[in-house]
Amino acid sequence: MFQLESNYQAAGDQPAAITNLLKGFQTGSDNQVLLGVTGSGKTFTMANVIAQLKRPTLVIAHNKTLAAQLYQEFRDYFPDNAVSYFVSYYDFYQPEAYLVSTDTYIEKEAEINEEIDKLRLAATANLLSRPDCIVIASVSCIYNLGRPEDFADLSFELVEGEVISRLTIQRRLTQMQYQRSTTDLSRGTWRQRGETIQLWPANEEWALNIVLPGDQITKLEKIHPLTGELWPIQAQPLTPFESTRHRITIYPAKHYIIEEDKTTAFAQIEADLQKQLVRLREQNKLLEAYRLEQRTLHDLDMLKEVGYVNGIENYSRYFDGRKPGDPPFSLINYLNYNAKKFGDGRWLTIVDESHMTIPQIRGMYHGDFSRKQTLVDYGFRLPAALDNRPLRFDEFISKIDQALFVSATPSEWEIDYSKNQVIEQIVRPTGLIDPPVEVRPTQKQIPDLVNEIVMRQKRGQRTLVTTLTKKMAEVLTDYLNSQEKVNRLLKKHGYQPVETLPKAQYLHSDVETLERSDILDDLRLGTYDVVIGVNLLREGLDLPEVTLVAILDADQEGFLRSQQALIQTMGRAARHLDGQVIMYADKITKSMKAAMDEVARRRQIQQDFNQKHNINPTTIAKPVRKKLIQIERKTELPGVKNRSNNLDKLKSSRPTKHQTIVALNKKTSVVLEELEPNSLTPQDKQKLIKQLNRSMLSAAKEWNFELAAQIRDTVTELENK
């Protein structure tokens, strides 16, 4: 079922680890730990376990950058299987909230990344239709997603030669939340062209021509959604469409969709509304009762008419058939559905970098509950909104089947939960040993660091620098990209000035999801010589060109400089023969000593193994993979400019005599005087109005009322044209 493809064989500690893990899972050990050092090939070990265990698998990572890297690796290992990517699809997300202290209601606002949304829908479609599924996910996999049975029931199959009316197809597409378009075809839309319905499935790259001269489908053909040319069949292998070239299954355009017959659910919503209204009025919360009644009745009207409303997930308990307090349906339910439909009901969960991922999963529920409870108390939502939530940690643990916790620094919880079933993978297939660690004083740390970066740049090598704050990462990046400042500093401290400046870029959580992978690829390709980060440069990054990891302020004891964090950060230099770690500190903390002792222990094991087997260490060589998603560079709207400098903040510049420049997001800004309202489409205009309103509020909070007024006037002009 799973066909692993690789150019190399298991080596080092990998063969023993694979054998022991398989033996454990096959003999009843439902939970195991893989303690694998950086660069030991943990992903290859995981892939071998999946291939030989032959079970659908969920791989959970604690951040999107790591998830993207794992997705690319597993996609290469299993090119003929259904490898999917499932992470949060928001580019911008402001959750619905109510601030009691200031009596401020904040409406939910989100900008959805359509490419990631497509990948999420593709993941669930694969789980409903194929047995050979591997899903790489972030912790968003524990959030409410809707019943897989409902998603499956709403899908429908088109068969070449099938007798079906055009009106029936159109009604089904509308029920599945596909929007009709009279102009351009976009993902999740359909349009009528003579006797042909053109449909772009929400989970696919290609579009579909459904040719119906009468009440029979005479032809189904995939096309390029922009050019209309026939889509190459080999681009989407092993789907029902290619196997027969006569049929294809269409899946809903959204995860939250209700079927037509939901009268029982509507009646329950109305009954719960009346109960909550009585409760609020008894508490003399008349305004809250009025607010709740107006909102809920409006939402009910929308649900009855079109089957969807913004915030439908807050009513999901009624449509899912859950009782109050029951756990929500999540991606984990889709894995259960897949395992029961295609196999014996068993499936595997791999928690990568478990020392980070497990605490994330544990903490998700509590923050969500606090915010939702306030909304319920003040009449913004029915109590059922509390059941639109992530899984609690105990629910997550009870729902997964077999689990493998993977980390170079597993915590006590994973070890205890697995009943000490810990498999070590210390020796690397390449024979590389952990990098030597050196501690240098913080005095003159920046000129010393710059000199180290310059030396490696001349050798074509790369550097990672980790700081304590985002601000410091940005400022240091700006400094390193100034040749005048760098040469002045080097000259002052007795170093040779440079002719070719090392190119630096920062990487932290404010950088958008897809750009993070691009930055790391550019580091490997030499576009950048150094990447500076805070916490994203710790776990899992596969960067063989990096020979130096510099840790600034290493003696600042805390989460970012804990034993686990230091060991993980040091590991980024373990994929090159010349790897080195420099910690800048004025004292050796308890965490530093523990981390250095553990690295020394591992180095000794690795050196002994190499000596015993006459192994000469070699640097890891890996090509730069094809990008996860090709980001489309959209044409600029009139007055809206791409922001070339990543160091720009989400703040508006001061008004000038000739121009007022307002930042819309991290990438774009708008010149108010250059806006041309009549040249914008209605969709672009509405999006721009939302962004400007955010900037207006931001300016007002900073007491820049003149700028806020200018933005307000611009918004008014946009709304009136």
Side-chain angles (χ1 to χ4, degrees), residues 435-508 510-511 515-516 518-534 536-537 541 543-556 561 569-570 572-587 619 624 643-649:
V437 181
E438 182 180 353
V439 179
R440 297 183 184 178
T442 58
Q443 187 179 12
K444 301 181 181 179
Q445 64 178 356
I446 299 303
D448 183 77
L449 172 62
V450 171
N451 184 58
E452 293 287 346
I453 293 171
V454 169
M455 288 193 300
R456 280 161 179 79
Q457 178 210 22
K458 292 177 180 178
R459 299 198 294 261
Q461 299 171 351
R462 315 286 186 266
T463 302
L464 294 181
V465 180
T466 177
T467 65
L468 283 175
T469 65
K470 297 177 185 178
K471 177 69 174 178
M472 185 173 181
E474 295 173 2
V475 171
L476 185 55
T477 299
D478 188 31
Y479 190 91
L480 291 177
N481 284 327
S482 171
Q483 185 155 5
E484 180 183 352
K485 293 179 181 178
V486 168
N487 280 334
R488 189 190 309 133
L489 182 71
L490 292 174
K491 185 177 180 181
K492 178 180 178 181
H493 292 278
Y495 299 110
Q496 289 294 322
V498 294
E499 295 181 4
T500 304
L501 191 69
K503 297 174 288 295
Q505 174 62 44
Y506 67 79
L507 179 74
H508 55 56
D510 286 348
V511 178
E515 288 187 356
R516 298 176 194 171
D518 290 346
I519 288 171
L520 295 174
D521 285 345
D522 287 341
L523 176 70
R524 295 195 60 196
L525 293 168
T527 304
Y528 303 121
D529 300 293
V530 54
V531 167
I532 305 167
V534 181
L536 291 179
L537 300 182
L541 300 183
L543 307 168
E545 294 78 11
V546 170
T547 60
L548 173 64
V549 169
I551 304 174
L552 301 182
D553 303 306
D555 54 0
Q556 299 299 307
R561 297 295 182 263
T569 306
M570 292 174 188
R572 299 315 105 206
R575 286 179 166 86
H576 198 286
L577 192 60
D578 298 330
Q580 181 186 5
V581 175
I582 299 176
M583 292 196 289
Y584 291 97
D586 294 323
K587 61 182 179 181
T619 297
V624 178
R643 304 178 70 180
S644 58
N645 187 356
N646 279 338
L647 294 176
D648 288 338
K649 298 292 183 294

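What you see is a predicted model; the values in this text were computed from it and never measured. In what follows, residues are counted from 1 in the order of the sequence shown.
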Enumerate donor-acceptor pairs with a distance under 3.5 Å from any side-chain N or O in residues 493-501 to protein atoms, sequence neighbours excluded.
none

Check whether any side-chain heavy atom of Leu543 sits under 4.5 Å from a side-chain heavy atom of Arg572, and report yes or no.
no
Heavy atoms only: give me the nearest Arg462-Tyr528 pair and the separation to one decimal.
CD-O, 3.6 Å
Rounded to the nearest 0.5 Å, how far does CD1 of Ile446 lie from CG of Leu480?
7.5 Å
Given the rule in the side chain to side chain contact (heavy atoms under 4.5 Å, CB included) test, do Val475 and Thr467 qualify, once you have shown the distances and angles that lead to the verdict?
CA-CA 11 Å; Val475 171; Thr467 65; over 6 Å; no
Under the side-chain contact (heavy atoms from CB on, under 4.5 Å) rule, collect the residues that match up with Arg561, sequence neighbours excluded.
Thr466, Leu468, Ile551, Leu566
Return the minimal non-hydrogen interatomic distance between Val534 and Ala473, and the atom names on each side.
CG2-CB, 4.4 Å
So which atom in Ala550 and which in Leu449 form the shortest heavy-atom distance, rounded to 0.1 Å?
CB-CD1, 3.5 Å
Value for CD1 (Ile519) from OG1 (Thr527), rounded to nearest 0.5 Å, stands at 11.0 Å
Side-chain (Asp586) to main-chain (Thr442) donor-acceptor, under 3.5 angstrom
yes
Listed partners of Tyr584 passing side-chain hydrogen bond (donor to acceptor under 3.5 Å, both in side chains), at least two apart:
Asp448
For Gln461, what residues pass the side-chain hydrogen bond (donor to acceptor under 3.5 Å, both in side chains) criterion, not counting sequence neighbours?
Arg459, Thr547, Asp578
So how far is it from Asn487 CG to Lys492 NZ, rounded to the nearest 0.5 Å?
14.5 Å
CD/Glu438: more than 12 non-hydrogen atoms of other groups inside 6.0 Å
yes
Between atom CE of Met472 and atom OG1 of Thr477, what is the distance when rounded to the nearest 0.5 Å?
10.5 Å
Minimal non-hydrogen separation, Pro435 against Met570, with atom names:
CG-O, 3.7 Å
Got Leu548 and Met455 here, is their nearest side-chain heavy-atom distance under 4.5 Å?
no
Reported CD-to-CD distance for the pair Glu452 and Gln445, which is rounded to 0.5 angstrom
13.0 Å
Looking only at heavy atoms, what is the nearest atom pair of Ala585 and Ala554, with distance?
CB-CB, 4.2 Å
Closest heavy-atom contact between Pro502 and Asp529?
CA-OD2, 3.3 Å
Listed partners of Lys470 passing side-chain hydrogen bond (donor to acceptor under 3.5 Å, both in side chains), at least two apart
Ser509, Asp510
NE2/His576 to CD/Glu545 distance, rounded to the nearest 0.5 angstrom?
7.5 Å
With a 4.5 Å heavy-atom cut-off, do Leu464 and Leu523 have their side chains touching?
yes
Taking the side chain from Thr463 and the backbone from Val530, do they hold a donor-acceptor pair closer than 3.5 Å?
no
Residue list, side-chain hydrogen bond (donor to acceptor under 3.5 Å, both in side chains) with Glu484, at least two apart or on another chain:
Arg488
